[in-house]
Amino acid sequence: MTARLFLGLACMCIHGGCAWRAKTITAVLPEGSQAAPWVLQDAVWDGSFVRAARALGEDARDWRRFRPTHVWLAVYRHEDDPKRRTTVRAFAFDSRVVARKAYEHFRPIDAKAFNAGDEGCWTEIGVLFVWGRMVFDVFGNDASFSSQGQSAYVTALIEKEMPTTLPEAPR
């Protein structure tokens with residue numbers, strides 16, 4: 001009986017009866033305490049670059065030149081020390097070429113490679129990586145090995161959930 005039900009569902013899907021839902025960027029970012037001891041503060045924010053500019057602060061001016069089509073922001077606080085935090089900023093671009101140009105622009109000179117996405121690197125306070133037409137900037141709140149380590153940890157959790165191909169970003 002179970003095998004027949006599974007076969008029926010599989011046939012329906014193959015013939016267009018259902019569609020497998022693509023993961024969104026919001027869905028790959030750890031929720032709640034999934035990144036323990038890092039806990040998501042509030043919810044993942046996503047929207048247009050124009051709406052994100054204020055939260056990006058002075059960095060908005062540099063990112064603007066690459067015309068991100070969509071931005072996701074998530075802040076994780078340490079459960080035992082709320083002053084410590086890890087921030088994830090994900091930027092979608094019109095193409096892989098533009099994403100690569102943005103990544104190269106923000107990649108520190110002589111940055112050491114970090115194995116993430118299509119290409120990644122260590123920054124003074126975290127990690128930066130390009131994945132298709134996306135650039136992820138994951139960082140702690142100070143220049144330290146601890147900030148880099150916590151950023152690498154959150155990045156590993158993101159990578160674990162990332163689909164093979166990225167869905168189109170909303171405009």
Side-chain angles (χ1 to χ4, degrees), residues 21-93 98-99 102-108 111-112 114-163 166-171:
R21 298 185 71 151
K23 273 192 174 175
T24 64
I25 298 303
T26 301
V28 303
L29 298 174
E31 297 178 334
S33 60
Q34 288 177 330
W38 302 97
V39 180
L40 180 64
Q41 175 187 315
D42 302 320
V44 174
W45 182 91
D46 76 295
S48 70
F49 178 79
V50 171
R51 289 184 51 222
R54 186 172 177 196
L56 296 172
E58 292 180 23
D59 287 348
R61 183 179 18 186
D62 291 331
W63 285 99
R64 182 176 287 115
R65 70 187 283 201
F66 298 99
R67 296 189 194 116
T69 58
H70 206 82
V71 179
W72 291 261
L73 304 170
V75 176
Y76 297 87
R77 297 229 182 252
H78 193 280
E79 61 189 9
D80 294 331
D81 185 1
K83 291 180 278 184
R84 291 176 55 203
R85 65 179 180 202
T86 300
T87 301
V88 177
R89 304 186 308 183
F91 299 86
F93 298 93
V98 176
Y103 169 77
E104 290 298 332
H105 174 79
F106 289 101
R107 182 182 185 275
K112 292 188 177 172
F114 178 77
N115 188 16
D118 298 329
E119 183 178 340
C121 65
W122 291 101
T123 67
E124 187 177 38
I125 58 176
V127 298
L128 178 73
F129 64 99
V130 63
W131 192 313
R133 57 180 188 65
M134 302 284 305
V135 175
F136 288 79
D137 186 19
V138 185
F139 56 92
N141 51 330
D142 61 14
S144 69
F145 178 74
S146 175
S147 284
Q148 289 177 323
Q150 68 201 37
S151 299
Y153 171 66
V154 172
T155 296
L157 295 173
I158 293 168
E159 272 202 304
K160 181 179 168 193
E161 296 299 321
M162 286 292 278
L166 294 174
E168 289 301 312
R171 298 237 176 222

> Would you say Asp118's side chain and Gly132's backbone share a donor-acceptor pair under 3.5 angstrom?
Replying inline: yes
>> Checking the side chain of Gln148 only, and the main-chain atoms of Val127 only, is there a donor and an acceptor separated by less than 3.5 Å?
In response: no
>> Out of the candidates Phe91, Phe136, Phe139, Phe114, only one should pair with Phe129 under the ring-ring contact (aromatic ring centres under 6.0 Å, His included) rule; please name it.
In response: Phe136
Would you call [X] and [Y] a side-chain contact if the rule is heavy atoms closer than 4.5 Å?
X: Ile25; Y: Asp46; value: no
X: Ile158; Y: Met162; value: yes
X: Trp72; Y: Thr26; value: yes
X: Leu73; Y: Thr87; value: no
X: Leu56; Y: Phe49; value: yes

Side chain to side chain contact (heavy atoms under 4.5 Å, CB included) partners of [X], counting only residues at least two apart:
X: Ala99; value: Phe93, Val130, Val135
X: Glu124; value: Ala143
X: Asp81; value: His78, Lys83, Arg84
X: Ala111; value: Arg107, Pro108, Cys121

>> Just checking Asp142: does its CG atom have more than 12 heavy atoms from other residues, nucleotides or ligands closer to it than 6.0 angstrom?
In response: yes
Which atom pair, heavy atoms only, marks the closest approach of [X] to [Y]?
X: Val44; Y: Ala74; value: CG2-CB, 4.2 Å
X: Thr155; Y: Ala116; value: CG2-CB, 4.1 Å
X: Ala92; Y: Arg133; value: CB-NH1, 3.4 Å
X: Gly140; Y: Ser151; value: N-OG, 3.4 Å

> What's the verdict on side chain to side chain contact (heavy atoms under 4.5 Å, CB included) for Tyr153 and Tyr76, showing C-alpha distance, side-chain angles and the deciding distance?
Replying inline: CA-CA 12 Å; Tyr153 171 66; Tyr76 297 87; over 6 Å; no
> So which pairs with a foot in residues 52-73 pass salt bridge (charged side-chain N to carboxylate O under 4.0 Å, His left out), sequence neighbours left out?
Replying inline: Asp59-Arg89
> CH2 of Trp38 to OG1 of Thr86: how many Å apart, nearest 0.5 Å?
Replying inline: 4.0 Å
> With sequence neighbours excluded, what pairs up with Glu104 under the side chain to side chain donor-acceptor pair (under 3.5 Å) test?
Replying inline: none
